[in-house]
Q: 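What follows is a structure written as structure tokens; I'll ask about it next.
Values below: all heavy atoms of this structure, side chains included; hydrogens, waters and symmetry mates excluded. Being a predicted model, the structure only gives us computed values, none of them experimental. Below, chain A is the first sequence line, B the second, and so on; all start at residue 1.
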Amino acid sequence: MSLKERLGLTTEPLYLMDGSAFIFRAFYAMQSMQRSDGFPTNALFIVTRILLKFLKDEHPTYFGFILDGKGKNFRHDIYPEYKANRSATPEPLVQQLEPVTRAVRTLGLHLAISENCEADDCIASLAARYKKERPVIIIGADKDLKQCLDDNVFLWDPGVKQEKLTTVADFREETGLDPAQWPDFQAVIGDSSDNIPGVPGIGPKTAAKIFTEHGSLEAIRDHFPSLAPAVQKKFAEHLDTMFTYRRLTTLATSECANLTLDHFRVSPVDAEKTALFLREFELRTLMKDISALGPLLAPSGHMASTTNDPSDGPTTLTTGSPKPVSAQMSLFDSPGSAAPAAAPLKQTEPAGTQRSLKITAVDDISSLPDCAGRRVALVAVGDVLHRAECTTLPPLLGMAAPSPDRSVSFADSAGLPASENQQARNGSTTQTGDAEPCALHLHLAGDTCEYRYTGSLTALAGYMTKAEYIVTPDVKALLTTRTGWRAVAESRWFDLGLAAYLLDPEDRDYSWRRLSARADELDLPAENPARLALAIAGDFERRLQGGDLTDLMRNLEIPLIRVLADMEEVGIHINRAAFAEFLNEVQRELDRLTRTIHEAAGGPFNIRSAQQLGDLLFNRLGLKPKGKTKGGQISTSQAVLEKLEGEHPVIDLILEYRKLEKLRSTYLEPMPKMADEQGRIHTTFNQLATATGRLSSSNPNLQNIPVRGKFGPRMRACFTARAGCKLVSADYSQIELRVLAHCSQDPTLLEAFRNDEDIHSRTASVLFDVPAQDVTPDQRRNAKTINFGLVYGMGPQKLAQELKISLNEAKAFIERYFARLQRLKAFYEQVEADARENGSVTTLIGRRRHVPDIQSGNNQLQSQARRQAINTVIQGSAADIIKIAMLRTAQDAQLKSLKARLVLQVHDELLLEVPAENAQAAAERLADIMSGVRPGGKPLDVPLKVDYGIGSGWHEAH
DNA sequence: TCGCCCCT
DNA sequence: AGGGGCGA
């Protein structure tokens with residue numbers, strides 16, 4: 001559906017495209033594409049493709065492609081550091097600028113180059129000028145553009161993966177702000193890509209809260225005494241600078257006065273010229289799109305200009321349900337064949353297709369039939385059309401919005417994910433926290449009707465507690481809305497995403513969008529998503545049963561959902577002051593290093609750019625390259641730099657710079673901004689992310705907080721328990737090697753663990769034929785590396801690299817190792833044989849991963865699959881064990897009475913927050929639970945050793 | 001998108 | 001071996 005239709009526009013809109021941004025994005029989105037003479041065409045290709053599709057879909061009357069002019073603009077005068085962190089535009093991109101402008105013109109479109117300002121300013125100015133007379137649709141992704149939104153100004157991002165149309169109402173829902181407040185908001189939170197620091201310690205979360213009370217920077221300044229003391233402190237030194245920042249984040253509205261609407265009137269496309277152009281740049285795949293333009297083509301040829309009626313194709317008689325756009329994959333898409341006049345030929349549906357069910361719109365819970373004892377499917381569907389309808393509902397934070405991944409995120413927001421989520425979670429806003437969905441489809445098994453529900457989520461949760469069984473694509477998304485869904489008994493849930501994950505953990509995509517694509521296969525119409533969900537669930541249940549995965553699903557993964565939701569909600573406390581002080585020191589040190597490095601280099605350059613760094617090291621300083629990257633560039637990786645250490649003093653400085661920069665950009669700067677009012681950070685645990693069964697953590701990732709090196713301890717010390725509490729950390733010792741000992745029954749390993757020996761020393765003594773007490777530290781280190789290799793499937797490649805020995809030496813090492821530990825070798829061979837026979841491997845409790853490549857004729861692929869098979873058995877079984885431990889921990893009565901709360905899981909470690917006086921007892925209990933795990937009901941043949949610690953900070957506890 | 005680098 | 005985040 002075209003944008004005009006989706007927005008219900010009656011006047012021809014003015015489309016303004018942020019051309020520079022798309023060229024830039026296209027250039028990085030697609031690597032190396034070139035004409036046969038080597039001329040780069042990647043950005044040209046993508047931009048041209050976007051334009052062709054846009055023309056076909058929208059038939060614009062007024063369109064402007066706006067490009068950034070060269071040189072500095074007023075922002076650099078205000079603030080010299082503006083975009084100072086940007087490196088020079090890559091040459092291959094520069095080369096494509098001219099061809100892109102030709103493409104634009106050839107397609108009958110017009111471009112404008114902003115002068116003395118940026119493309120965004122030009123767009124904002126044109127939008128401000130023309131919105132009074134017609135709708136303006138801005139095509140772009142830059143968040144600055146959001147300030148242009150108005151009743152008559154829309155923002156559209158065709159996106160790489162997911163397109164997104166934003167109206168001013170959407171913006172208000174998502175942010176709680178008015179577009180006019182956006183520059184103020186941005187000025188405060190900062191923008192690293194433009195080198196605007198913002199107010200330190202103020203993240204989107206805090207800022208949103210401030211701006212709901214104080215609408216502008218002026219209000220913040222004028223009502224300064226009424227701010228919370230903590231906030232006052234942060235703003236104190238920035239009351240002036242924030243106004244400067246706002247001048248940077250505010251787009252001009254009176255630039256580009258010379259441009260009038262007539263400039264942007266779209267001309268017909270000259271098919272011949274376009275074809276020539278595409279041929280010139282060898283963009284053959286786009287040729288077919290020319291004829292698809294149909295009526296837009298200039299009447300040079302004789303092609304019949306068929307009216308293209310947007311409402312073609314079969315219409316279903318269901319009420320209220322959106323028609324899926326994908327259904328119109330036409331058989332007549334090939335070039336040359338003009339569309340047959342008004343004759344929808346493929347009207348006939350395939351035989352046997354079940355009829356669409358009627359959809360009943362309901363917004364009051366009492367109008368739904370009783371679901372007691374019944375099977376129900378609940379699916380949130382939504383597209384922009386639905387969103388538009390939704391704006392009639394009261395604007396709520398945490399409103400259900402269509403989410404590109406998985407089903408729907410009930411606390412989704414585009415601009416401010418973390419903050420909005422947290423507000424929804426903490427219930428700390430003035431809102432009720434009762435999120436309202438756009439369109440929840442529900443279907444009661446056996447019913448002849450499907451319901452499209454737009455009422456209160458809380459009411460729905462209450463209603464649903466009576467259901468026998470609830471099928472939905474993402475249970476955790478419901479639980480984290482805190483709208484009463486925890487009242488639904490665990491055993492009643494069936495999580496479609498989880499089922500799909502257990503059936504194929506390597507798939508990566510468990511979105512409802514993806515799952516529902518099976519409508520055809522199941523012979524069901526996509527118009528009834530909830531009924532489809534029930535059908536998919538039935539299919540999944542059968543397949544889980546067939547794969548012996550039901551027990552894993554029902555008794556581990558589904559119960560774990562709630563545990564994870566709770567952990568996310570609790571969050572972990574950070575010491576803000578420690579973060580701030582650390583950041584300050586690191587920033588000072590970075591500044592110092594930058595100066596020194598630039599001095600040594602004889603001029604300023606971007607140290608973060610691997611390209612510019614490589615140029616300095618290998619061209620100007622004449623050092624010898626030691627390695628290459630896959631892309632053919634000269635590597636500047638740590639391994640290479642370490643080899644060059646001592647050859648030039650800057651190497652050390654650069655390594656130090658990298659470490660500090662990583663620390664700053666990944667941890668010190670963003671994390672304090674993600675904390676809520678109580679100073680707690682809420683990660684998201686992803687249960688469907690890994691191929692082995694481990695969890696992952698994101699937004700932020702709390703599973704990769706530095707621990708080693710000069711800064712590790714200090715970094716971890718910044719994560720603390722709240723006042724009056726302690727952190728308890730307990731981790732499995734060598735869990736993967738213990739699993740390996742158990743699975744292989746290798747006597748050496750079994751004995752070592754049963755006697756609680758140092759496993760690396762023991763391995764070394766076997767490997768090097770020396771008594772355990774005579775093992776040298778060096779030998780132990782080598783043995784440790786081999787033991788790691790063992791867990792990863794023992795590739796000689798990796799081992800050689802790790803031990804810094806030759807490939808042949810590594811191979812000999814492995815051979816020697818297996819000669820001494822025969823049972824281990826037999827176990828590896830067994831895993832491989834099983835994988836070959838079944839096409840999959842399973843963990844201790846039957847989690848399954850497919851490894852089809854084990855049959856591959858390609859040696860590389862086959863070896864890779866073999867390593868994956870082995871690692872999956874070991875890493876996956878370890879993951880099973882800690883997941884069981886998490887469940888036991890969360891359900892333990894003693895820990896509950898000690899008020900111990902799970903806050904983190906880091907693969908082999910669990911972190912609790914406990915009132916200080918209970919810490920010791922909780923730690924002992926936790927360690928008992930963890931070491932007492934019996935996967936599959938039987939204890940392992942080696943003890944599961946657990947170490948624990950207690951402390952105010954994570955470092956101390958670890 | 002890739003390269004780099006943090007974690008188990 | 002399995003992850004996630006940042007900057008170009």
Q: Judged by each residue's nearest nucleotide on DNA chain C, which is more toward the 5′ side, A:E506 or A:S698?
A: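 Nearest-nucleotide comparison on DNA chain C picks A:E506.
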Q: What residues, two or more places apart in sequence or in another chain, satisfy side-chain contact (heavy atoms from CB on, under 4.5 Å) together with A:Q797?
A: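 side-chain contact (heavy atoms from CB on, under 4.5 Å) check on A:Q797 returns A:L807.
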Q: The side chain of A:R849 lies closest to which of these nucleotides: B:dC4, C:dA8, C:dG2?
A: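 That would be C:dG2.
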Q: Output all residues satisfying side-chain contact (heavy atoms from CB on, under 4.5 Å) with A:T720, sequence neighbours left out; order by chain, then residue number.
A: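 A:T720: side-chain contact (heavy atoms from CB on, under 4.5 Å) contacts with A:H573, A:N575.
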Q: Which is true for A:T636 with a 4.0 Å heavy-atom rule: it touches a base, it touches only sugar-phosphate, or it touches nothing?
A: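 Sugar-phosphate contact only.
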Q: Just wondering, do A:L556 and A:I884 contact through their side chains at under 4.5 Å, heavy atoms?
A: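 Yes - at least one pair of side-chain heavy atoms lies under 4.5 Å apart.
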Q: With sugar-phosphate meaning primed atoms plus P, OP1 and OP2, does A:E669 contact a base, only sugar-phosphate, or nothing at under 4.0 Å between heavy atoms?
A: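 The residue A:E669 makes no contact with any strand.
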Q: From CD1 of A:I882 over to C1' of C:dG2, roughly how many Å is that when rounded to an integer?
A: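 So the CD1-C1' distance, A:I882 to C:dG2, works out to 15 Å.
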Q: Any idea which of B:dT8, C:dG5, C:dC6 is nearest the A:N701 side chain?
A: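 Nearest to the side-chain atoms of A:N701, counting from C-beta on, is C:dG5.
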Q: Is any side-chain N or O of A:T629 closer than 4.0 Å to OP1 or OP2 of B:dC2?
A: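 Answer is no, no contact under 4.0 Å.
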Q: What is the distance, rounded to the nearest whole Å, between atom CZ of A:F685 and atom P of C:dG3?
A: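 Whole-Å distance recorded here is 16 Å.
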Q: Figure out the CZ/C1' separation between A:R508 and C:dG4, and round it to whole Å.
A: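 These atoms are roughly 11 Å apart.
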Q: What pairs of residues pass the salt bridge (Lys or Arg N to Asp or Glu O under 4.0 Å) test when at least one of them lies in residues 782-791 of chain A, not counting sequence neighbours?
A: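 Residue pairs with at least one partner in residues 782-791 of chain A: there are none.
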Q: Rounded off to whole Å, could you give me the NZ-to-P distance for the A:K883 and C:dG2 pair?
A: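 In whole Å, C:dG2 P and A:K883 NZ are 16 Å from each other.
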Q: Restricting to salt bridge (Lys or Arg N to Asp or Glu O under 4.0 Å), what partner residues turn up for A:R658, sequence neighbours left out?
A: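 Counting only residues at least two positions away or on another chain, A:R658 forms no salt bridge (Lys or Arg N to Asp or Glu O under 4.0 Å).
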Q: Taking only N and O in the side chain of A:S697, is any of them less than 4.0 Å away from OP1 or OP2 of C:dG4?
A: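 For C:dG4, neither OP1 nor OP2 has a side-chain N or O of A:S697 closer than 4.0 Å.
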Q: C:dA1 base to A:Q875 side chain: any donor-acceptor pair below 3.5 Å?
A: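 Indeed there is one.
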Q: With a 6.0 Å cut-off (strictly less than), is the heavy-atom count around CD of A:E661, excluding the residue itself, greater than 12?
A: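 Atom CD in A:E661 is crowded, with more than 12 foreign heavy atoms closer than 6.0 Å.
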Q: When you measure from the side-chain N and O atoms of A:R867 to the phosphate of C:dA1, is any distance below 4.0 Å, counting only OP1 and OP2?
A: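 Yes, because at least one side-chain N or O of A:R867 sits under 4.0 Å from OP1 or OP2 of C:dA1.
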Q: How do A:S696 and A:V791 order along DNA chain C: which one's closest nucleotide is nearer the 5' end?
A: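 The residue whose closest nucleotide sits nearer the 5' end is A:V791.
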Q: Please state whether the phosphate of C:dG4, meaning OP1 or OP2, lies under 4.0 angstrom from any side-chain nitrogen or oxygen of A:Q703.
A: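 No, A:Q703 has no side-chain N/O under 4.0 Å of OP1/OP2 on C:dG4.
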Q: Looking at every strand, decide which applies to A:A610 at a 4.0 Å heavy-atom threshold: base, sugar-phosphate, or nothing.
A: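 If one applies the 4.0 Å heavy-atom cut-off, A:A610 turns out to touch nothing in the nucleic acid.
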Q: Would you mind classifying the nucleic acid contact of A:I705 as base, sugar-phosphate or nothing, using non-hydrogen atoms under 4.0 angstrom?
A: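 Sugar-phosphate, no base atom in range.
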Q: Between C:dG4, B:dT8, B:dC5, spot the one nearest the side chain of A:Q638, thanks.
A: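 Minimum distance to the A:Q638 side chain belongs to B:dC5.
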Q: Please state how far atom CD in A:Q687 lies from atom P in C:dG3, giving the value in whole angstrom units.
A: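 These atoms are roughly 15 Å apart.
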Q: Does A:F582 have A:R714 sitting over its ring (NZ/CZ under 6.0 Å from centre, angle to axis within 45°)?
A: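 A:R714 over A:F582 ring: yes.
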Q: From C-beta outward on A:N699, which listed nucleotide comes closest to its side chain: C:dG2, C:dG3, C:dG5?
A: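 Per side-chain heavy atoms of A:N699, the pick is C:dG5.
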Q: Using a 4.0 Å cut-off on heavy atoms, which residues in residues 654-668 of chain A reach DNA chain B? List them by number, or say none.
A: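 Residues of residues 654-668 of chain A that come under 4.0 Å of DNA chain B are, in numerical order, A:R658, A:K662, A:Y667.
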Q: Phosphate oxygens OP1/OP2 of B:dC7: is one of them under 4.0 Å from a side-chain N or O of A:R708?
A: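 Answer is yes, contact under 4.0 Å.
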Q: Taking the six-membered ring of A:F719, is the NZ or CZ of A:R716 close enough (under 6.0 Å from the centre) and on axis enough (within 45°)?
A: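 Not flagged: A:R716 not positioned over aromatic ring of A:F719.
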Q: Just the rounded figure in Å: distance from P of B:dC4 to CD1 of A:I607.
A: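 Rounded to the whole Å, the gap is 16 Å.
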Q: Nearest whole Å is fine: how far is C:dG2 P from A:Y792 OH?
A: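 Value for this atom pair: 10 Å.
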Q: Would you indicate which nucleotide in B:dT8, C:dA8, C:dG3 comes nearest to any side-chain atom of A:R608?
A: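 Looking only at heavy atoms from C-beta outward on A:R608, the closest nucleotide is C:dA8.
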Q: What is the distance, rounded to the nearest whole Å, between atom CG of A:N704 and atom C1' of C:dG2?
A: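 Rounding to the nearest Å, CG of A:N704 and C1' of C:dG2 are 13 Å apart.
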Q: Return the set of residues passing salt bridge (Lys or Arg N to Asp or Glu O under 4.0 Å) with A:D880 (not counting sequence neighbours), or none when no residue passes.
A: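 Result, salt bridge (Lys or Arg N to Asp or Glu O under 4.0 Å) vs A:D880: A:R847.
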